[in-house]
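Contents: one structure, followed by commentary.
Letters A, B, ... are given to chains in the order of the sequence lines, protein chains preceding strands, and every chain is numbered from 1. The shown structure was predicted, so the numbers you read here are calculated from the model rather than taken from an experiment. Below, all heavy atoms of this structure are taken into account, side chains as well, without hydrogens, waters or symmetry copies.
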There are 2 protein chains.
Amino acid sequence: MSSTSTDPSKTDSSKITSSKTVTLNHVAEDAGVSRSTVSLVLRNSPLVAAVTRARVQASIKRLGYVYNRGAASLRSQQSNTIGLIVTNITNPFFAELTVGVEDGLEESRYTALLGNTSDTLKKQNLLLERMQEHRPDGILLCPTDGTSVAQLRRMQKQTPVVLFVRYLPDLEIDYVGADNVKGGEIATAHLISLGHKRIGFVGGPAYSSARRDRLQGYANELRIAGIPVDERLIVVGPMTREGGRQGILELLNQENPPTAAVCCNDLVAVGAMLGLQSVGQIPGEDFAVVGFDDIDEAQLWHPPLTTVALDPHHLGEMAAHLLLERIAKPKGTPRQITLACRLVVRQSSGGPVTAPKPQ
Amino acid sequence: MSSTSTDPSKTDSSKITSSKTVTLNHVAEDAGVSRSTVSLVLRNSPLVAAVTRARVQASIKRLGYVYNRGAASLRSQQSNTIGLIVTNITNPFFAELTVGVEDGLEESRYTALLGNTSDTLKKQNLLLERMQEHRPDGILLCPTDGTSVAQLRRMQKQTPVVLFVRYLPDLEIDYVGADNVKGGEIATAHLISLGHKRIGFVGGPAYSSARRDRLQGYANELRIAGIPVDERLIVVGPMTREGGRQGILELLNQENPPTAAVCCNDLVAVGAMLGLQSVGQIPGEDFAVVGFDDIDEAQLWHPPLTTVALDPHHLGEMAAHLLLERIAKPKGTPRQITLACRLVVRQSSGGPVTAPKPQ
DNA sequence: CTGAAAGCGCTAACAA
DNA sequence: TTGTTAGCGCTTTCAG
C-alpha cells in the first residue's frame, strides 16, 4: 500500500467502484479472469469452461453490468443495428409492415433504427445521412421520389441495402414487394366482370413503382377486354385520403365520367368514397370503388371496401429476412421477391352496373 | 521512396486509400491539419478559423467522409440516440405520436431507436435491455402491465426516462399524457345531457393509468348527476376492436343493459359499433357510443364517431421536448404534463334518448 | 486558434 | 482454455 497521497479520491485504481458505469474490466476483475474471457462469455463462445462461465455470469449479475454495444461495434465493425426507413408510418400499411420487420428481426441480434420520410426527399436524405453515422449493418428503404440511383449504388458499397414496396429502375438491388401488376389486373378484371366499361384509376404519385405496376395491370386488363385506355381517366395524386377525394371529383367532373375506379391504395379509396358521398353518389351503388392493401379499417368503412389484399406484416418479415441474408452474404446476387396478392370483394364495388347516374 | 519491399500491398501507411472506410485521420491528413481540428470542425466549433474550416470541409467532401457517431459516443459518453418504446405502433394514435416525437427531435441532433412491445412485459424488458446496450441518452416509454417501479428507478439513475400516455404510481418521474379524468368527465357529461341514465364503460386493461383516469372521470360525472356507479356496467378488455366488440356484447346481454357507453379508445369504440350492428342495433340511434383519441378514421366510420380528441402528434412532441430538457438538466425535478382534450360530437352518440330498445 | 498525447470499452490475433 | 497486447475512430485535456 503506497499511501503517499493524502487525497482520498486517489485510491488504487482497482478500488474505484463508486457509481460509475460498470465495464467489462470490472467484471473481469470481480470474477478473477481476464477481459477476453469475459468477452467470450458475453458472446456465448463455447470456448469457455462451464465453471468459468458461471463465475463470470455471477459477477455480471452482481455488478449489474450492461454490455456496451457501441464499444463493441467500434472494434468489431458491426453495430447490430439496421436502419428502417418508411415513407409514412401513419399509413396502417406501413405500421403493420414495421411490426413485421421487427418480428423478422426478433430472432436475430439486430435492433431497428426507425425513420419516417413523409415521402419527402429532403427528409430521406437527412435520415440516410444520420443513419449512416450510426454505421448500421444494413438498411431497409422504401425509396421516395427523386432517390438518386448513384447515391444508392454508393451506399450499397458500404452497407447492404434492401428496398421494399417500391423499387428503382436500373439498379441491381434486393427488393421485396407485392405483385402489383397482378393486383392491378385482378382489381380491374373484377370491375369489368361487373359490367363496367369506363373505369378510372385514381391517385398515387407517378414515381411510385407500386403505383406504376398497378396501373400497368389495370391497362393490361382493359386491353384484354378490348376497352381502350383513356388517359383522361387516369389521375395522379398523393397516396392519401385527400388525394383520393380530389381525384374522384376530377373524374366525376369530366363530360363522360367513369362508373368505377381502381384506387391506388385504401387511403385513396376511402377518400374517393368520401368524395362520392359529398356529391350525393353512393359508393357501391352509383359508383364502384376498389382499393389496394386491405388495411384493417377497410372492412369498417361505409360501405366496406373491396380491395386487393397485401400482407404487410409478411412483407416486412420477408424484407428483414432478405436483409439478414444479404448481411450474411454481401456478395450474393440481389434477389427480387414479389409477394402474391388477392382480391377481397366487399360492398364498395357493388353488384352489376345499371345505368350510369347523371351527376 | 524506400521501395525495399516487393509486396505492393505494403505501401507507406499514409498511402492506403484503397476502399477502406475514410476516417477523421484521413481527413486531417488530406487537409493538412491535426485530428482535433477536424473534430472541432465536425462539431461546428467556433474556435476554428474560417479558412481552415473551409479546407477541412472540402476534404470531407472530397474523401466522402462520414462521421462515426459510435466512436464519438465511446469517448464522449453520449450516443445522440434516444429510445422510444410504444405499446402498439399499429394503433393510429401511437403512429401519430411517433411522428410527433420525430418532429420534436428534428431540431436536435438525436435519432430515435423505436421499439414496439405489443403491450407485453416480456417484449418490453427485452427491448429495454437491448436499448440500454446502445446507451441511449434518454428513453421515452409507454409502460405496459407489470412494469417494475424498482427497475425503472434503477434505470433512471443511468438514463433519463420519461413516461408518456401512461404513468406509474409511486414514482417520481417525468410524464406527459392527456387529461384523461377531464376527458372521461366530458364524455360522460355529454351522454348524460342526452338523457342517458344507464351508461357503460367499455374496454381497456385495468393496469392502464389512462384507462383508470378515464374511468375516474366517468364515475365523477355520474356521481354529480346522482346516478349510481354500477360495477356491472364497467367491463375490462384489451384496447382493440375485438375487445370493444366483446365488451359491448357482454353489456347487452345483461338483464338491464345500458343505453350508452363510453369506450376506452376509438379502436374499442368501433369494435363496440360492430358488436351493436351484429345484433341489429344501430349505433347513434339505438345506442350511443363515445370513444377516445379522435384518430383520423373516427370520422369515416359509420356512423362517424363521437369522441374525446387528444392530439397525439402534439403529445409526442411534448414528450420529446421534455426528454431533451431532462437530458440537458438531469437533476431537475420531474414534471408531470397533462394535455387538455376536447369533445368532438358526431353521430355515434345520436340525439336525445328515446325508449331503450329491447334486444 | 491548432497540435500532441491519452484513452473511452470493447474485440482480435496470438501466445501460453 | 485463458491471458497479453494492440488497437477500432473519435474526443479531451492541456500546451503552445
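Note that the first and last nucleotides of DNA chain D, 5' to 3', having any atom under 4.0 angstrom from a heavy atom of chain B are dG9(D) to dT12(D).
Checked by atom type and distance alone, the side chain of Ser108(A) pairs as donor or acceptor with a backbone atom of Leu105(A) at under 3.5 Å. Not one N or O on the side chain of Arg55(A) forms a donor-acceptor pair closer than 3.5 Å with the backbone of Ala50(A). In this structure a side-chain-to-backbone donor-acceptor pair under 3.5 Å is present from Thr144(B) to Asp119(B). In this structure, the side chain of Arg53(B) engages the main chain of Ser45(B) through a donor-acceptor pair within 3.5 Å. Judged by distance alone, the side chain of Arg135(A) and the main-chain N or O of Tyr67(B) form a donor-acceptor pair under 3.5 Å. Looking at Arg35(B), its side chain never comes within 3.5 Å of a backbone N or O of Glu29(B) through a donor-acceptor pair.
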Fill in: Under 4.0 Å protein heavy-atom contacts per nucleotide of nucleotides 9-16 of chain C, with B for base, S for backbone only and - for none
BBBB----

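In summary, the side chains of Ser34(A) and Ser36(A) do present a donor paired with an acceptor at a separation below 3.5 Å, with no hydrogens or angles considered.
The side-chain contact (heavy atoms from CB on, under 4.5 Å) test with Val33(A) singles out one residue from Val38(A), Val27(A), Val48(A), and that residue is Val38(A).
Phosphate contact (OP1/OP2 of dG3(C), side-chain N/O of Thr37(B), threshold under 4.0 Å): present.
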